[in-house]
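Nothing here was measured: the structure is a model prediction, and the numbers come from that model.
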Amino acid sequence: MTTADPNQRIERAEIEDTSLLAFYRDMNAPERRTFWACAAGWALDGMDFMIYPLVIGTIIALWKVDAASAGLAGTVTLLASAIGGWLGGHLSDHIGRVRTLQITIIWFSFFSLVCAVVQNFDQLLIARAVLGLGFGGEWAAGAVLMGEAIRPQYRGRAVGSVQSGWAVGWGLAVLSQAILFSLLPAETAWRWMFVIGALPALLVFYIRRSVTEPEIAAEARARHAETGSHPKLWEIFTFPMVKTTILASLMATGCQGGYYAVTFWVPQFLTKERHLSIVGSTGYLSTLIIGSFIGYLTGAWLADRIGRRNLFLIFSLGAMAVVLLYTQLPLTNEILWVLGFPLGFFAGYFSGIGAFLTELYPTRLRGSGQGFCYNFGRGIGALFPFLVGALSATTSLANAIAMFAVVAYALFFIAAFALPETRGRVLHAD
């Protein structure tokens, strides 16, 4: 079964060395520079996003915001990132992956600084929304850039290893929180958290000097310029690509909706329902983050070893099971601390998403298709922080998290099952 463009030449490369780091050993210097630029960008992207969930308790107390409204700020950020991801992906098809990556990093870094100086919750809501435009575009440009720069037999491991940078960024955010909230009063510390979120802008200097455009992307744009057949924004919704776009969008909705329902509210769950202090919850979050990092690397290896679809099916089931254990059983804090590892580990399915979406679309539509599908999922998944917060007004936060996470992971499983396996697919400038 396939939903790919029939005009796209589909060739498959044999999976060679199956070790996790084989791709890195075989990389040339330009490929390695691209790898580290995208990994650093995604790590700083993750840090920037996770800052708000970590300071949400302070925002609620400082400005007397209810949980639903606090969750709305997270939702608005993700909704805006859905638009930014689609537009950023489309822009990368027109002006290049590298230039789009630079623009989007500067964008969300600047608006993180704006978040640091807002004077009320409404201003913060607007600033987070505008920040989200760049946040979504960065993933779209970076994921396509990595997918095209890496040879097919290593694509899953390389792109998946970049995905592990999210856990690094999350860890940096938690470390920053532990330090700043220990040294400064809460009403000041949260602002400095957003100042730190502006650091990704420094990465642009490295990208400008070191990262080059993938050859197939440059060739495709040159061909379109000669023929005048530039890709249209809506072309991914026309036959034969529309089926792929619908299924991939549903898959992205499930995987991200479940993730956001859990990670956005876990810090508040630990402090509100488990009665841990902000600093005291750091160890619990650290276990979850370490689990995520190892899960991303494991998922990267499995994406090339057993295929993208099998990775998604196995990890979505594992994620459902662990969420139910974490939120629904009367566990001691010690056991909860241990369960944080598998809770983070099964987020490793994200390692296969970038390579999978890259391989589903032809080069001329890759930025638009990948950017739309992933960020459509991000936009709909963005509703989950708000809905979890709203539902927690009538039930426990644990129940609200479990309900939305399980529904989302079930959708992820079904959509992934309906899509084709793409492992080893060779990309062309067509």
Side-chain angles (χ1 to χ4, degrees), residues 45-85 107-139 166 169-170 173-174 176-177 180-181 186-198 200 256-272 278 285 375 377-393 397 400-401 404-405 408:
D45 207 359
M47 180 186 72
D48 213 50
F49 175 76
M50 291 309 302
I51 284 172
Y52 180 71
L54 291 171
V55 303
I56 192 172
T58 302
I59 298 297
I60 289 173
L62 185 65
W63 285 333
K64 304 298 185 292
V65 179
D66 60 76
S69 297
L72 180 62
T75 294
V76 167
T77 304
L78 294 172
L79 285 171
S81 76
I83 299 171
W107 182 284
F108 76 72
S109 299
F110 173 77
F111 283 100
S112 184
L113 275 181
V114 173
C115 291
V117 298
V118 296
Q119 298 302 305
N120 55 55
F121 184 74
D122 289 340
Q123 292 178 7
L124 180 62
L125 191 68
I126 294 170
R128 293 295 293 176
V130 181
L131 178 149
L133 293 173
F135 173 73
E138 189 277 336
W139 187 91
W166 182 274
W170 190 359
V174 170
S176 299
Q177 180 199 38
L180 291 174
F181 277 78
E187 57 268 22
T188 303
W190 73 269
R191 293 187 182 276
W192 282 103
M193 290 282 285
F194 285 120
V195 171
I196 290 174
Q256 293 186 87
Y259 181 81
Y260 292 134
V262 175
T263 57
F264 190 91
W265 284 108
V266 160
Q268 185 72 353
F269 166 73
L270 292 172
T271 55
K272 179 182 176 183
I278 290 177
L285 293 175
N375 289 288
R378 182 181 270 172
I380 302 301
L383 298 173
F384 285 52
F386 169 72
L387 294 172
V388 168
L391 184 60
S392 69
L397 183 57
I401 292 171
F404 285 102

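Checking side-chain atoms of Asn375 against main-chain N and O of Arg378 turns up no donor-acceptor pair under 3.5 Å. Formation of a donor-acceptor pair under 3.5 Å by the Arg128 side chain with backbone atoms of Ala73 is not found in this model. Between the side chain of Ser392 and the backbone N or O of Gly389 there is at least one donor-acceptor pair closer than 3.5 Å. For the pair Trp107 (side chain) and Phe135 (backbone), a donor-acceptor distance under 3.5 Å is absent. A donor-acceptor pair under 3.5 Å is absent between the side-chain atoms of Glu138 and the main chain of Gly134, judged by distance alone.
To the nearest 0.5 Å, atom OG of residue Ser112 and atom CD1 of residue Ile51 are 5.0 Å apart. The distance from the CZ atom of Phe110 to the SG atom of Cys115 is 10.5 Å, given to the nearest 0.5 Å. With rounding to the nearest 0.5 Å, the separation of CG in Asp66 from CD1 in Ile60 is 8.0 Å.
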If you apply the rule side-chain contact (heavy atoms from CB on, under 4.5 Å), what do you find for Glu187 with Thr58, and how did you get there? CA-CA 7 Å; Glu187 57 268 22; Thr58 302; 5.9 Å; no
For Gln177 and Val55, what are the C-alpha separation, side-chain angles and deciding distance, and is it a side-chain contact (heavy atoms from CB on, under 4.5 Å)? CA-CA 8 Å; Gln177 180 199 38; Val55 303; 5.7 Å; no
Using side-chain contact (heavy atoms from CB on, under 4.5 Å), reason through Ser81 and Leu133 one step at a time and then give a plain yes or no. CA-CA 5 Å; Ser81 76; Leu133 293 173; over 6 Å; no
Assess the residue pair Tyr260 and Val388 against the criterion (side-chain contact (heavy atoms from CB on, under 4.5 Å)); give the C-alpha distance rounded to whole Å, side-chain angles, the decisive distance to 0.1 Å, and a yes or no. CA-CA 10 Å; Tyr260 292 134; Val388 168; over 6 Å; no
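Among Ile126, Asp48, Val76, the one residue that satisfies the side chain to side chain contact (heavy atoms under 4.5 Å, CB included) test with Leu131 is Asp48.
Between the side chains of Trp166 and Tyr259, a donor-acceptor pair is found at a separation under 3.5 Å.
The nearest pair of heavy atoms linking Phe121 to Ser69 is CZ-O, 3.2 Å. Across all their heavy atoms, Ala116 and Val195 have their closest contact at CB-CG2, 3.7 Å. Annotation for Phe108 and Pro200: closest pair CE1-CG, 3.7 Å, computed over non-hydrogen atoms. Summarising the geometry of Ala261 relative to Ala405, their closest heavy-atom pair is CB-N, 4.2 Å, with the distance given to 0.1 Å. In terms of heavy atoms, Ala198 sits closest to Leu113 at CB-CG, 3.5 Å. Summarising the geometry of Pro53 relative to Pro267, their closest heavy-atom pair is O-CB, 4.1 Å, with the distance given to 0.1 Å.
At least one side-chain heavy atom of Leu285 sits less than 4.5 Å from a side-chain heavy atom of Leu54. Inter-residue side-chain proximity for Ile56 and Trp265 is flagged as met; some heavy-atom pair is nearer than 4.5 Å. No side-chain heavy atom of Met50 sits less than 4.5 Å from a side-chain heavy atom of Val174. Proximity of Leu180 to Ile196: side-chain heavy atoms (C-beta onward) are separated by under 4.5 Å at one or more points.
A distance of 6.0 Å or more separates the ring centres of Phe264 and Phe404.
Between Trp190 and Phe194, the ring planes are perpendicular. Angles over 60° get that label, and only those under 30° would be called parallel.
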